[in-house]
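In each ligand, atom 1 is the first atom listed, and ligand 1 is the first ligand listed. Just so we're clear, the structure is a prediction, and the values are computed from it rather than from any experiment.
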Amino acid sequence: MEAIILLGAPGAGKGTAAERLVQRLGVRHVSSGDLLRGAVKQGTPAGREADGYMKQGKLVPDELIGRIITDLLVAGGAELQVLLDGFPRTVAQAEMLEKVVAAQHGRIRGTVLLDVAEEILVDRLAGRLVCPTCAKGYHVRTLPPKVAGQCDTCRVALVQRKDDNPETVCNRLAVFRKDTSPLIEWYSSRGLLVRVDGTGAADEVTERIVRALQ
Ligand code: ATP
Ligand code: MG
């Protein structure tokens, strides 16, 4: 197993870049947020536990998301090439990942930090729309769908995520600063961090990431 980690604040563009990197790098996209939203929608025990945290913009417990991701990595076996989007988000989660990678004789190829200023993050999240079916992300102004309010691929009506309201966004940014930003130092000290400018067009950001990983 080989993992690339996408690190960045809410709205930094992890999901948008990941969609494009899947084709460019031939990796499998694993989004912790999408997995959790899927579990909530299906009403699984994990989903029922996660829902309350997510609505408030809090992190779900490390054990809950850790088990979901670990199971998936183990099931993927030696051939798995994965792009982790949204995991790890705490030092405890990074430790869980380190353990499973070692147990599987895998490696972390690199961690990409998507750098975006906070004012831009707030604007991106306020204008974000997502497809409830395929989870593809759009922005009303900077990344609009071909037909207003409709997913290009699924043709269903786009929705705003429950946690993309201003108050919850503020919580999510605070959580990033407190719980997730220590991972910058964690991966940097292991020689695994590359910083990439996350502003500009989605395709440009994707190219920067590809170059940074070479
Ligand atoms: P963006 O989609 O712009 O990257 P985000 O990173 O805040 O924004 P998601 O990754 O979709 O959004 O996560 C949404 C919510 O799911 C989080 O606010 C949190 O409640 C939960 N979540 C996702 N990943 C984790 C994780 N690794 N640990 C704990 N909670 C998580
Ligand atoms: Mg996301």
Can you name the atoms of ligand 1, numbered from 1 with element, that are less than 4.0 Å from a heavy atom of [X]?
X	result
R128	1 (P), 2 (O), 3 (O), 8 (O)
R172	5 (P), 7 (O), 8 (O), 12 (O)
L36	16 (O), 21 (C), 22 (N), 23 (C), 31 (C)
Q93	26 (C), 27 (N), 28 (N), 29 (C)

- May I ask you to check if K136 and Y138 form a cation-pi contact, with NZ or CZ under 6.0 angstrom from the six-membered ring centre and within 45° of the axis?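 Yes, cation above the ring, under 6.0 Å and within 45°.
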Find out whether [X] and [Y] are in side-chain contact, i.e. whether some heavy atom of one side chain is under 4.5 Å from a heavy atom of the other.
X	Y	value
L80	R28	yes
E2	I108	no
I184	L7	yes

Charged N to carboxylate O under 4.0 angstrom, [X] versus [Y]?
X	Y	answer
R24	E19	no
E204	R208	yes
D51	K55	yes
R20	D203	yes

Could you tell me if any non-hydrogen atom of [X] lies under 4.0 Å from any atom of ligand 1?
X	answer
R161	yes
Q56	no
G11	yes

I'd like to check whether [X] has a polar contact with ligand 1, where a contact means an N/O of the residue lying under 3.5 Å from an N/O of the ligand.
X	result
R89	yes
V60	yes
Y53	no
D163	no

Nearest-contact summary for [atom] - protein heavy atom, Å:
atom	answer
atom 4 (O) of ligand 1	K14 NZ, 2.8 Å
atom 15 (C) of ligand 1	M54 CE, 3.8 Å
atom 24 (N) of ligand 1	S32 OG, 2.7 Å

- Within 6.0 Å of NZ in K58, more than 12 heavy atoms from elsewhere: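 Not more than 12 within 6.0 Å, no.
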- Have a look at T168 and tell me which of N165, D164, N171 forms a side-chain hydrogen bond (donor to acceptor under 3.5 Å, both in side chains) with it.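 Exactly one option meets the side-chain hydrogen bond (donor to acceptor under 3.5 Å, both in side chains) with T168, and it is N165.
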- Message: I want to confirm something. Looking only at heavy atoms, which of K162, R37, K58, M96 is nearest to atom 19 (C) of ligand 1?
- Response: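 Looking at heavy atoms only, K58 sits closest to atom 19 (C) of ligand 1.
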- Which segment of I65 sits under 4.0 Å of ligand 1 when only heavy atoms are counted: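 For I65, the contact with ligand 1 is made by the side chain alone.
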